[in-house]
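Working notes, beginning with the structure itself.
Just so you know, ligand 1 is whichever comes first in the structure, and atom 1 is the first atom listed for that ligand. In what follows, residues are counted from 1 in the order of the sequence shown. From a predicted model like this one, the values you see are computed outputs, not experimental measurements.
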Amino acid sequence: MNNRYAVILAAGQGTRMKSKLYKVLHPVCGKPMVEHVLDEISKLEIKETVTIIGHGAELVKSHLGERTGYALQAEQLGTAHAVMQAEELLAGKEGTTLVICGDTPLIKSETMDLLIKQHEENHAKATILTAYTDSPAGYGRIIRNEEGFVEKIVEHKDASEEERLVKEINTGTYCFDNKALFEALKNVSNENVQGEYYLPDVIEILKKNGEIVTAYQTDDFSETLGVNDRVALAQAEASMKVRINEAHMRNGVTIIDPANTYISPDVVIGQDTILYPGTILSGKTEIGSDCTIGPNTEMKDCSVGNNTVIRQSVAHDSSIGSDVNIGPFAHIRPLSTIHDEVKIGNFVEIKKADFGKGSKASHLSYIGDAEVGSDVNIGCGSITVNYDGKNKFLTKIEDGVFVGCNSNLVAPVTVGKGAYIAAGSTITENVPGQALSIARARQVNKENYVQKLKNK
Ligand code: UD1
Ligand code: CA
(Lines give C-alpha, C1' and ligand atoms only; values in the text may rest on other atoms or scores of the structure.)
(Ligands and ions follow the chains in the order given, each with its own letter.)
Protein backbone atom coordinates (compact mmCIF):
# COMPACT_ATOMS: atom_id res chain seq x y z
CA MET A 1 0.00 0.00 0.00
CA ASN A 2 1.02 3.55 -0.71
CA ASN A 3 2.12 5.98 1.91
CA ARG A 4 -0.56 8.59 2.44
CA TYR A 5 -0.20 12.16 3.65
CA ALA A 6 -2.62 15.03 4.15
CA VAL A 7 -2.31 18.81 4.07
CA ILE A 8 -4.99 21.06 5.57
CA LEU A 9 -4.99 24.71 4.45
CA ALA A 10 -5.86 26.87 7.43
CA ALA A 11 -3.71 29.98 7.32
CA GLY A 12 -6.14 32.50 5.86
CA GLN A 13 -7.76 35.33 7.78
CA GLY A 14 -11.14 34.91 6.12
CA THR A 15 -11.78 38.54 5.22
CA ARG A 16 -15.25 37.79 3.91
CA MET A 17 -16.36 36.52 7.34
CA LYS A 18 -15.93 40.10 8.67
CA SER A 19 -14.89 38.73 12.03
CA LYS A 20 -12.29 38.97 14.77
CA LEU A 21 -12.27 35.18 14.79
CA TYR A 22 -10.10 33.48 12.14
CA LYS A 23 -12.24 31.78 9.55
CA VAL A 24 -11.36 28.14 10.10
CA LEU A 25 -12.14 28.52 13.82
CA HIS A 26 -15.74 29.53 13.25
CA PRO A 27 -17.79 26.72 14.74
CA VAL A 28 -20.26 24.57 12.86
CA CYS A 29 -22.59 22.78 15.31
CA GLY A 30 -20.25 23.87 18.09
CA LYS A 31 -16.98 22.63 16.61
CA PRO A 32 -14.45 24.73 14.65
CA MET A 33 -14.59 24.04 10.91
CA VAL A 34 -10.96 22.97 10.71
CA GLU A 35 -11.50 20.49 13.53
CA HIS A 36 -14.31 18.85 11.55
CA VAL A 37 -11.85 18.47 8.67
CA LEU A 38 -9.14 16.96 10.86
CA ASP A 39 -11.66 14.62 12.56
CA GLU A 40 -12.67 13.21 9.18
CA ILE A 41 -9.06 12.85 8.02
CA SER A 42 -8.29 11.08 11.27
CA LYS A 43 -10.71 8.29 10.30
CA LEU A 44 -8.52 7.43 7.28
CA GLU A 45 -5.19 5.68 7.27
CA ILE A 46 -2.96 8.71 6.88
CA LYS A 47 0.67 8.52 7.84
CA GLU A 48 1.22 12.20 8.49
CA THR A 49 -1.02 15.27 8.44
CA VAL A 50 0.33 18.80 8.11
CA THR A 51 -1.87 21.80 8.87
CA ILE A 52 -0.79 25.09 7.32
CA ILE A 53 -1.28 27.84 9.87
CA GLY A 54 -0.84 31.60 9.71
CA HIS A 55 -3.59 33.86 11.05
CA GLY A 56 -4.43 32.76 14.58
CA ALA A 57 -1.71 30.08 14.41
CA GLU A 58 -1.51 29.52 18.17
CA LEU A 59 -5.27 29.36 18.58
CA VAL A 60 -5.62 26.87 15.72
CA LYS A 61 -2.89 24.75 17.29
CA SER A 62 -4.59 24.81 20.68
CA HIS A 63 -7.77 23.45 19.07
CA LEU A 64 -6.17 20.74 16.94
CA GLY A 65 -3.43 19.63 19.34
CA GLU A 66 -0.95 16.91 18.53
CA ARG A 67 -3.01 14.97 16.00
CA THR A 68 -1.41 16.96 13.18
CA GLY A 69 1.92 18.51 12.39
CA TYR A 70 2.12 22.20 11.50
CA ALA A 71 3.83 24.42 8.98
CA LEU A 72 3.70 28.19 9.26
CA GLN A 73 2.71 30.35 6.33
CA ALA A 74 3.79 33.72 7.63
CA GLU A 75 2.37 35.66 4.69
CA GLN A 76 -0.71 34.42 2.86
CA LEU A 77 0.26 34.51 -0.79
CA GLY A 78 -2.26 31.94 -2.01
CA THR A 79 -3.20 28.29 -1.72
CA ALA A 80 -0.21 27.02 -3.75
CA HIS A 81 2.13 29.05 -1.55
CA ALA A 82 0.36 27.55 1.47
CA VAL A 83 1.03 23.97 0.36
CA MET A 84 4.66 24.93 -0.39
CA GLN A 85 5.13 25.53 3.34
CA ALA A 86 4.79 21.77 3.89
CA GLU A 87 7.77 21.19 1.61
CA GLU A 88 10.24 20.70 4.43
CA LEU A 89 8.04 18.05 6.03
CA LEU A 90 6.76 16.24 2.96
CA ALA A 91 8.77 16.90 -0.22
CA GLY A 92 10.71 13.91 -1.48
CA LYS A 93 8.32 11.37 0.04
CA GLU A 94 6.84 8.66 -2.17
CA GLY A 95 3.08 8.48 -1.93
CA THR A 96 -0.29 10.19 -2.17
CA THR A 97 -1.07 13.55 -0.61
CA LEU A 98 -4.61 14.64 0.11
CA VAL A 99 -4.95 18.43 0.14
CA ILE A 100 -8.06 19.89 1.69
CA CYS A 101 -9.24 23.34 2.79
CA GLY A 102 -9.95 24.09 6.42
CA ASP A 103 -13.14 25.88 5.40
CA THR A 104 -14.96 22.86 3.93
CA PRO A 105 -16.30 21.32 7.15
CA LEU A 106 -18.87 18.96 5.62
CA ILE A 107 -16.65 16.69 3.53
CA LYS A 108 -16.93 13.14 4.88
CA SER A 109 -14.10 10.68 5.33
CA GLU A 110 -15.99 8.25 3.03
CA THR A 111 -15.75 10.78 0.19
CA MET A 112 -12.06 11.44 0.89
CA ASP A 113 -11.50 7.69 0.86
CA LEU A 114 -13.24 7.22 -2.51
CA LEU A 115 -11.20 10.12 -3.94
CA ILE A 116 -7.92 8.59 -2.77
CA LYS A 117 -8.89 5.16 -4.12
CA GLN A 118 -9.82 6.46 -7.56
CA HIS A 119 -6.62 8.49 -7.64
CA GLU A 120 -4.44 5.51 -6.81
CA GLU A 121 -6.28 3.11 -9.12
CA ASN A 122 -5.80 5.52 -12.04
CA HIS A 123 -2.12 6.03 -11.20
CA ALA A 124 -2.90 9.73 -11.62
CA LYS A 125 -0.60 12.56 -10.64
CA ALA A 126 -3.59 14.63 -9.58
CA THR A 127 -7.28 13.92 -8.92
CA ILE A 128 -9.70 16.76 -8.15
CA LEU A 129 -12.83 16.33 -6.10
CA THR A 130 -15.48 18.16 -8.11
CA ALA A 131 -19.19 18.82 -7.65
CA TYR A 132 -22.06 20.29 -9.66
CA THR A 133 -24.08 23.30 -8.59
CA ASP A 134 -26.52 25.73 -10.13
CA SER A 135 -24.87 28.56 -8.21
CA PRO A 136 -21.17 28.14 -8.92
CA ALA A 137 -20.27 31.82 -8.31
CA GLY A 138 -17.07 32.20 -6.30
CA TYR A 139 -15.77 28.70 -6.95
CA GLY A 140 -13.03 27.66 -9.34
CA ARG A 141 -14.52 26.10 -12.52
CA ILE A 142 -13.42 22.77 -13.97
CA ILE A 143 -12.53 23.29 -17.63
CA ARG A 144 -12.65 20.10 -19.71
CA ASN A 145 -11.48 19.57 -23.31
CA GLU A 146 -13.56 18.17 -26.20
CA GLU A 147 -12.92 14.59 -25.09
CA GLY A 148 -14.19 15.50 -21.62
CA PHE A 149 -10.81 15.34 -19.87
CA VAL A 150 -9.90 17.95 -17.28
CA GLU A 151 -7.65 20.65 -18.78
CA LYS A 152 -7.40 23.18 -15.99
CA ILE A 153 -9.19 25.02 -13.23
CA VAL A 154 -10.10 28.67 -13.68
CA GLU A 155 -10.85 30.82 -10.65
CA HIS A 156 -14.16 32.67 -10.73
CA LYS A 157 -12.46 36.07 -10.82
CA ASP A 158 -10.23 35.03 -13.73
CA ALA A 159 -12.92 33.21 -15.70
CA SER A 160 -14.38 34.37 -19.02
CA GLU A 161 -18.17 34.77 -19.48
CA GLU A 162 -18.27 31.36 -21.11
CA GLU A 163 -16.20 29.69 -18.38
CA ARG A 164 -18.45 31.14 -15.71
CA LEU A 165 -21.35 29.17 -17.20
CA VAL A 166 -19.62 25.92 -16.17
CA LYS A 167 -21.44 24.27 -13.29
CA GLU A 168 -18.73 21.80 -12.34
CA ILE A 169 -16.69 23.35 -9.53
CA ASN A 170 -13.44 22.69 -7.73
CA THR A 171 -14.28 21.69 -4.15
CA GLY A 172 -10.75 22.57 -3.03
CA THR A 173 -10.02 18.94 -2.17
CA TYR A 174 -7.44 17.08 -4.23
CA CYS A 175 -5.17 14.05 -4.28
CA PHE A 176 -1.66 14.40 -5.66
CA ASP A 177 1.32 12.22 -6.27
CA ASN A 178 3.38 13.79 -3.51
CA LYS A 179 6.61 14.24 -5.47
CA ALA A 180 4.84 15.54 -8.59
CA LEU A 181 2.94 18.04 -6.42
CA PHE A 182 6.04 19.67 -4.95
CA GLU A 183 7.77 19.69 -8.35
CA ALA A 184 4.79 21.38 -10.03
CA LEU A 185 4.37 23.94 -7.21
CA LYS A 186 7.72 25.44 -8.18
CA ASN A 187 6.22 26.47 -11.52
CA VAL A 188 3.09 28.19 -10.22
CA SER A 189 3.07 31.92 -10.88
CA ASN A 190 0.96 34.69 -9.40
CA GLU A 191 -0.01 36.34 -12.66
CA ASN A 192 -3.74 36.46 -12.17
CA VAL A 193 -6.47 38.86 -11.06
CA GLN A 194 -5.77 38.31 -7.35
CA GLY A 195 -1.96 38.26 -7.63
CA GLU A 196 -1.92 34.98 -5.68
CA TYR A 197 -0.20 31.63 -6.15
CA TYR A 198 -3.17 29.38 -6.93
CA LEU A 199 -2.99 25.70 -6.03
CA PRO A 200 -5.45 24.83 -8.85
CA ASP A 201 -2.79 25.99 -11.36
CA VAL A 202 -0.87 22.80 -10.54
CA ILE A 203 -3.51 20.93 -12.56
CA GLU A 204 -2.71 22.74 -15.81
CA ILE A 205 1.03 22.41 -15.16
CA LEU A 206 0.81 18.63 -14.69
CA LYS A 207 -1.50 18.32 -17.68
CA LYS A 208 0.94 20.23 -19.91
CA ASN A 209 3.67 17.83 -18.79
CA GLY A 210 1.52 15.01 -20.14
CA GLU A 211 0.67 13.60 -16.71
CA ILE A 212 -2.58 11.83 -15.84
CA VAL A 213 -5.07 14.20 -14.21
CA THR A 214 -8.56 12.99 -13.32
CA ALA A 215 -11.61 14.21 -11.45
CA TYR A 216 -13.80 12.45 -8.94
CA GLN A 217 -17.32 13.85 -9.03
CA THR A 218 -19.50 13.75 -5.95
CA ASP A 219 -23.24 13.96 -6.45
CA ASP A 220 -23.72 15.86 -3.19
CA PHE A 221 -22.73 19.50 -3.55
CA SER A 222 -23.88 20.32 -0.02
CA GLU A 223 -21.07 18.15 1.33
CA THR A 224 -18.42 20.20 -0.41
CA LEU A 225 -19.70 23.64 0.55
CA GLY A 226 -16.86 26.10 1.11
CA VAL A 227 -17.55 28.58 3.89
CA ASN A 228 -16.32 32.06 2.97
CA ASP A 229 -18.99 34.20 4.64
CA ARG A 230 -21.69 33.99 7.28
CA VAL A 231 -24.37 33.06 4.80
CA ALA A 232 -22.44 29.91 3.88
CA LEU A 233 -21.70 29.35 7.57
CA ALA A 234 -25.43 29.16 8.28
CA GLN A 235 -25.86 26.75 5.34
CA ALA A 236 -23.06 24.55 6.71
CA GLU A 237 -24.67 24.63 10.15
CA ALA A 238 -28.02 23.55 8.70
CA SER A 239 -26.51 20.65 6.70
CA MET A 240 -24.40 19.45 9.60
CA LYS A 241 -27.39 19.62 11.92
CA VAL A 242 -29.46 17.40 9.61
CA ARG A 243 -26.57 14.93 9.38
CA ILE A 244 -26.06 14.73 13.16
CA ASN A 245 -29.76 14.52 14.02
CA GLU A 246 -30.37 11.81 11.41
CA ALA A 247 -27.54 9.71 12.82
CA HIS A 248 -29.09 9.88 16.32
CA MET A 249 -32.54 9.02 15.00
CA ARG A 250 -31.11 5.99 13.16
CA ASN A 251 -29.51 4.97 16.46
CA GLY A 252 -32.87 4.91 18.22
CA VAL A 253 -33.25 8.42 19.61
CA THR A 254 -36.63 10.13 19.13
CA ILE A 255 -36.29 13.74 18.04
CA ILE A 256 -39.74 15.34 18.06
CA ASP A 257 -38.70 18.35 15.96
CA PRO A 258 -35.29 17.90 14.30
CA ALA A 259 -35.38 21.41 12.85
CA ASN A 260 -35.36 22.80 16.39
CA THR A 261 -32.91 20.42 18.05
CA TYR A 262 -29.22 21.29 18.16
CA ILE A 263 -26.66 18.58 18.91
CA SER A 264 -22.88 18.94 18.73
CA PRO A 265 -20.89 16.28 16.87
CA ASP A 266 -19.38 14.58 19.94
CA VAL A 267 -22.61 14.17 21.89
CA VAL A 268 -23.64 10.57 22.70
CA ILE A 269 -27.30 9.65 23.30
CA GLY A 270 -28.76 6.26 24.28
CA GLN A 271 -31.72 4.43 22.75
CA ASP A 272 -35.31 5.45 23.45
CA THR A 273 -34.31 8.83 24.77
CA ILE A 274 -36.72 11.53 23.57
CA LEU A 275 -35.60 15.03 22.73
CA TYR A 276 -38.27 17.75 22.73
CA PRO A 277 -37.97 20.97 20.68
CA GLY A 278 -35.50 23.62 21.72
CA THR A 279 -32.99 21.15 23.10
CA ILE A 280 -29.34 22.19 22.72
CA LEU A 281 -26.77 19.53 23.63
CA SER A 282 -23.15 20.57 23.27
CA GLY A 283 -19.57 19.72 24.13
CA LYS A 284 -18.95 16.17 25.28
CA THR A 285 -22.44 15.63 26.68
CA GLU A 286 -23.42 11.98 27.15
CA ILE A 287 -27.01 10.99 27.79
CA GLY A 288 -28.16 7.47 28.64
CA SER A 289 -31.22 5.63 27.42
CA ASP A 290 -34.93 6.20 28.15
CA CYS A 291 -34.38 9.83 29.13
CA THR A 292 -36.67 12.73 28.30
CA ILE A 293 -34.86 15.98 27.57
CA GLY A 294 -36.55 19.30 26.80
CA PRO A 295 -38.40 21.20 25.66
CA ASN A 296 -36.05 24.20 25.77
CA THR A 297 -33.18 22.58 27.60
CA GLU A 298 -29.50 23.47 27.24
CA MET A 299 -26.78 21.06 28.35
CA LYS A 300 -23.04 21.41 27.90
CA ASP A 301 -20.40 18.87 28.89
CA CYS A 302 -22.76 16.87 31.10
CA SER A 303 -23.22 13.17 31.67
CA VAL A 304 -26.69 11.82 32.34
CA GLY A 305 -27.68 8.28 33.37
CA ASN A 306 -30.78 6.40 32.24
CA ASN A 307 -34.45 7.16 32.66
CA THR A 308 -33.86 10.76 33.71
CA VAL A 309 -36.22 13.63 32.89
CA ILE A 310 -34.86 17.15 32.37
CA ARG A 311 -37.40 19.79 31.31
CA GLN A 312 -36.93 23.50 30.50
CA SER A 313 -33.56 23.63 32.25
CA VAL A 314 -29.89 24.50 31.88
CA ALA A 315 -27.00 22.25 32.97
CA HIS A 316 -23.23 22.70 32.52
CA ASP A 317 -20.16 20.60 33.33
CA SER A 318 -22.02 18.33 35.69
CA SER A 319 -22.86 14.71 36.22
CA ILE A 320 -26.49 13.69 36.59
CA GLY A 321 -27.52 10.17 37.56
CA SER A 322 -30.35 7.81 36.62
CA ASP A 323 -34.05 8.21 37.48
CA VAL A 324 -33.47 11.88 38.22
CA ASN A 325 -36.17 14.50 37.69
CA ILE A 326 -35.00 18.02 36.94
CA GLY A 327 -37.05 21.12 36.16
CA PRO A 328 -38.95 22.82 34.89
CA PHE A 329 -36.72 25.90 35.18
CA ALA A 330 -33.75 24.51 37.09
CA HIS A 331 -30.10 25.54 36.70
CA ILE A 332 -27.34 23.00 37.32
CA ARG A 333 -24.08 24.93 37.36
CA PRO A 334 -20.55 23.51 36.88
CA LEU A 335 -19.00 20.82 39.04
CA SER A 336 -22.24 19.45 40.41
CA THR A 337 -22.90 15.76 40.92
CA ILE A 338 -26.55 14.84 41.06
CA HIS A 339 -26.94 11.23 42.18
CA ASP A 340 -29.70 8.76 41.25
CA GLU A 341 -33.37 9.31 42.06
CA VAL A 342 -32.90 12.98 42.91
CA LYS A 343 -35.57 15.59 42.32
CA ILE A 344 -34.55 19.16 41.51
CA GLY A 345 -37.69 21.22 41.00
CA ASN A 346 -38.60 24.63 39.64
CA PHE A 347 -36.35 27.63 40.27
CA VAL A 348 -33.66 25.61 41.99
CA GLU A 349 -30.01 26.46 41.34
CA ILE A 350 -27.29 23.96 42.17
CA LYS A 351 -23.61 24.93 42.01
CA LYS A 352 -20.54 22.86 42.84
CA ALA A 353 -22.60 20.55 44.98
CA ASP A 354 -22.78 16.83 45.55
CA PHE A 355 -26.47 15.99 45.83
CA GLY A 356 -27.02 12.52 47.29
CA LYS A 357 -29.27 9.69 46.18
CA GLY A 358 -32.99 10.22 46.60
CA SER A 359 -32.63 13.77 47.90
CA LYS A 360 -35.00 16.54 46.92
CA ALA A 361 -34.97 20.29 46.46
CA SER A 362 -38.35 20.77 44.89
CA HIS A 363 -38.85 24.52 44.84
CA LEU A 364 -36.99 27.84 44.89
CA SER A 365 -33.60 26.94 46.41
CA TYR A 366 -29.94 27.79 46.00
CA ILE A 367 -27.54 24.99 46.92
CA GLY A 368 -23.94 26.02 46.28
CA ASP A 369 -20.62 24.66 47.62
CA ALA A 370 -22.48 21.91 49.40
CA GLU A 371 -22.38 18.21 50.20
CA VAL A 372 -25.88 16.91 50.51
CA GLY A 373 -26.30 13.31 51.72
CA SER A 374 -28.95 10.86 50.64
CA ASP A 375 -32.70 11.17 51.30
CA VAL A 376 -32.39 14.80 52.32
CA ASN A 377 -35.39 17.07 51.89
CA ILE A 378 -34.64 20.72 51.24
CA GLY A 379 -37.80 22.71 51.86
CA CYS A 380 -39.10 25.42 49.56
CA GLY A 381 -37.01 28.58 49.55
CA SER A 382 -34.11 27.20 51.59
CA ILE A 383 -30.59 28.21 50.64
CA THR A 384 -26.96 27.70 51.49
CA VAL A 385 -25.31 30.99 52.41
CA ASN A 386 -21.97 30.13 50.91
CA TYR A 387 -20.33 33.51 50.42
CA ASP A 388 -19.31 36.20 52.92
CA GLY A 389 -18.36 38.69 50.25
CA LYS A 390 -14.77 37.43 50.12
CA ASN A 391 -14.63 33.66 50.43
CA LYS A 392 -16.83 30.67 49.72
CA PHE A 393 -17.55 28.07 52.42
CA LEU A 394 -18.90 24.53 52.49
CA THR A 395 -22.30 23.45 53.78
CA LYS A 396 -22.64 19.78 54.77
CA ILE A 397 -26.08 18.31 55.07
CA GLU A 398 -25.89 14.69 56.15
CA ASP A 399 -28.19 11.78 55.23
CA GLY A 400 -31.87 12.02 56.03
CA VAL A 401 -31.86 15.68 57.08
CA PHE A 402 -35.09 17.64 56.79
CA VAL A 403 -34.57 21.34 56.11
CA GLY A 404 -37.76 23.30 56.78
CA CYS A 405 -38.94 25.91 54.30
CA ASN A 406 -37.14 29.20 53.90
CA SER A 407 -34.10 28.30 56.01
CA ASN A 408 -30.63 29.83 55.61
CA LEU A 409 -27.68 27.55 56.25
CA VAL A 410 -24.77 29.93 56.85
CA ALA A 411 -21.54 28.18 55.81
CA PRO A 412 -19.27 26.77 57.00
CA VAL A 413 -21.83 24.61 58.75
CA THR A 414 -22.75 20.96 59.16
CA VAL A 415 -26.21 19.60 59.77
CA GLY A 416 -25.85 16.11 61.29
CA LYS A 417 -27.57 12.94 60.18
CA GLY A 418 -31.33 12.88 60.49
CA ALA A 419 -31.60 16.37 62.01
CA TYR A 420 -34.63 18.64 61.56
CA ILE A 421 -34.36 22.33 60.84
CA ALA A 422 -37.46 24.32 61.72
CA ALA A 423 -38.88 26.43 58.93
CA GLY A 424 -37.53 29.95 58.73
CA SER A 425 -34.33 29.19 60.65
CA THR A 426 -31.03 30.90 60.06
CA ILE A 427 -28.51 28.25 61.05
CA THR A 428 -25.06 29.60 61.92
CA GLU A 429 -23.76 26.76 64.11
CA ASN A 430 -23.45 23.04 63.52
CA VAL A 431 -26.56 20.98 64.24
CA PRO A 432 -26.01 17.57 65.88
CA GLY A 433 -27.51 14.49 64.27
CA GLN A 434 -31.13 13.70 65.22
CA ALA A 435 -31.56 17.21 66.76
CA LEU A 436 -34.36 19.65 66.05
CA SER A 437 -32.87 23.08 65.50
CA ILE A 438 -34.97 26.23 65.65
CA ALA A 439 -33.16 29.46 64.91
CA ARG A 440 -35.69 32.24 64.59
CA ALA A 441 -37.44 34.75 66.80
CA ARG A 442 -40.39 33.41 68.77
CA GLN A 443 -43.80 34.54 67.60
CA VAL A 444 -45.58 37.18 69.69
CA ASN A 445 -49.30 37.80 69.19
CA LYS A 446 -50.54 41.15 70.55
CA GLU A 447 -54.29 40.66 71.02
CA ASN A 448 -56.57 43.44 69.72
CA TYR A 449 -53.56 45.55 68.73
CA VAL A 450 -55.13 46.63 65.45
CA GLN A 451 -58.21 48.02 67.16
CA LYS A 452 -55.96 50.02 69.56
CA LEU A 453 -54.06 51.49 66.64
CA LYS A 454 -57.26 52.63 64.95
CA ASN A 455 -58.50 54.27 68.15
CA LYS A 456 -55.33 56.39 68.53
C1 UD1 B 1 -10.53 27.98 -3.24
C2 UD1 B 1 -10.05 27.54 -4.63
C3 UD1 B 1 -11.25 27.39 -5.56
C4 UD1 B 1 -12.25 26.42 -4.96
C5 UD1 B 1 -12.62 26.80 -3.53
C6 UD1 B 1 -13.43 25.69 -2.89
C7 UD1 B 1 -7.82 28.54 -4.95
C8 UD1 B 1 -7.05 29.62 -5.57
N9 UD1 B 1 -9.13 28.54 -5.17
O10 UD1 B 1 -11.10 29.25 -3.39
O11 UD1 B 1 -10.84 26.91 -6.84
O12 UD1 B 1 -13.41 26.36 -5.76
O13 UD1 B 1 -11.44 27.02 -2.73
O14 UD1 B 1 -13.92 26.04 -1.62
O15 UD1 B 1 -7.25 27.66 -4.31
N16 UD1 B 1 -5.40 29.57 2.62
C17 UD1 B 1 -4.15 29.51 3.17
N18 UD1 B 1 -3.18 30.35 2.72
C19 UD1 B 1 -3.39 31.23 1.72
C20 UD1 B 1 -4.67 31.30 1.14
C21 UD1 B 1 -5.66 30.44 1.60
O22 UD1 B 1 -3.91 28.71 4.09
O23 UD1 B 1 -2.45 31.95 1.36
C24 UD1 B 1 -6.44 28.66 3.10
C25 UD1 B 1 -7.63 29.37 3.69
O26 UD1 B 1 -7.48 29.52 5.11
C27 UD1 B 1 -8.79 28.43 3.37
C28 UD1 B 1 -8.32 27.71 2.13
O29 UD1 B 1 -6.94 27.92 2.03
O30 UD1 B 1 -9.04 27.50 4.40
C31 UD1 B 1 -9.01 28.21 0.87
O32 UD1 B 1 -8.77 29.59 0.71
P33 UD1 B 1 -9.92 30.58 0.24
O34 UD1 B 1 -9.37 31.94 0.21
O35 UD1 B 1 -11.14 30.34 1.02
O36 UD1 B 1 -10.14 30.08 -1.26
P37 UD1 B 1 -11.45 30.22 -2.16
O38 UD1 B 1 -11.52 31.59 -2.69
O39 UD1 B 1 -12.62 29.70 -1.45
CA1 CA C 1 -12.97 29.04 0.58
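Closest heavy-atom approach to atom 37 (P) of ligand 1 within the set Q85, R16, H156, M84: this belongs to R16. For atom 23 (O) of ligand 1, the candidate residues are G12, G78, A82; the nearest heavy-atom contact is made by G78.
In this structure, atom 7 (C) of ligand 1 has a protein heavy-atom contact shorter than 4.0 Å.
The backbone N or O of G373 sits less than 3.5 Å from a side-chain atom of S359, completing a donor-acceptor pair. For the pair T261 (side chain) and T279 (backbone), a donor-acceptor distance under 3.5 Å is absent.
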Q: Please assess D201 against I153 for the test side-chain contact (heavy atoms from CB on, under 4.5 Å), listing each intermediate value before the final yes or no.
A: CA-CA 7 Å; D201 285 1; I153 299 171; over 6 Å; no

Q. Do T127 and T214 pass the side chain to side chain donor-acceptor pair (under 3.5 Å) test, and can you show the C-alpha distance, the side-chain angles, and the key distance before you say yes or no?
A. CA-CA 5 Å; T127 303; T214 65; 3.0 Å; yes

(Q) Between R333 and E349, does the salt bridge (charged side-chain N to carboxylate O under 4.0 Å, His left out) criterion hold? Intermediate values first, please. (A) CA-CA 7 Å; R333 290 173 52 202; E349 174 178 342; 2.6 Å; yes

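The nearest protein atom to atom 32 (O) of ligand 1, hydrogens excluded, is given as T79 CG2, 4.0 Å; this is a heavy-atom distance. Of the protein's heavy atoms, N170 O, 3.2 Å lies nearest to atom 4 (C) of ligand 1.
Of the heavy atoms in A11, both backbone and side-chain atoms come closer than 4.0 Å to ligand 1. Contacts with ligand 1 closer than 4.0 Å are made by no heavy atom of E196, backbone or side chain. At a 4.0 Å heavy-atom cut-off, ligand 1 touches A10 through the backbone alone.
Those atoms of ligand 1 with a heavy atom of T171 less than 4.0 angstrom away are 6 (C), 14 (O). Using a 4.0 Å cut-off to heavy atoms of C101, the atoms of ligand 1 that qualify are 28 (C), 31 (C). Ligand 1 places these atoms under 4.0 Å from at least one heavy atom of K23: 35 (O). Applying the 4.0 Å criterion to heavy atoms of G102 picks out, from ligand 1, the atoms 30 (O).
Residues D266 and S264 have side chains that never bring a donor and an acceptor to within less than 3.5 angstrom of each other. Between the side chains of T130 and E168, a donor-acceptor pair is found at a separation under 3.5 Å. A donor and an acceptor atom, one from each side chain of Q13 and Y22, are nowhere located under 3.5 Å apart. Inspection of the E223 and T111 side chains reveals an N or O donor paired with an N or O acceptor under 3.5 Å. With hydrogens and angles left out, the side-chain atoms of D158 and Y198 include a donor and acceptor closer than 3.5 Å.
The shortest N/O to N/O separation between G140 and ligand 1 falls below 3.5 Å. Of the polar atoms of L9, at least one N or O is found under 3.5 Å from an N or O of ligand 1, judged by distance alone. Geometrically, ligand 1 and E155 share a nitrogen or oxygen pair separated by less than 3.5 Å. Residue contacts with ligand 1: N228 is placed with a nitrogen or oxygen under 3.5 Å of a nitrogen or oxygen of the ligand (distance criterion only). Below 3.5 Å of separation, one finds no N or O of Y174 facing any N or O of ligand 1. Among the atoms of Q73, some N or O lies under 3.5 angstrom from an N or O of ligand 1.
Residue N228 counts as close to the Ca ion (ligand 2), with an N, O or S atom under 3.0 Å.
Of the charged side-chain nitrogens involved, none lies within less than 4.0 Å of a carboxylate oxygen, so that K392 and D369 do not count as a salt-bridged pair. In this structure, K23 pairs ionically with D103, as a charged nitrogen and a carboxylate oxygen lie closer than 4.0 Å.
Proximity of I52 to ligand 1 is not established, as no heavy-atom distance is less than 4.0 Å. Taking a 4.0 Å cut-off on heavy atoms, I169 fails to register as neighbouring ligand 1.
Checked against the Ca ion (ligand 2), the N, O or S atom of D103 at the shortest distance is OD2.
In summary, of the residues considered (T171, I100, T173), a side-chain contact (heavy atoms from CB on, under 4.5 Å) with L115 occurs for T173 alone.
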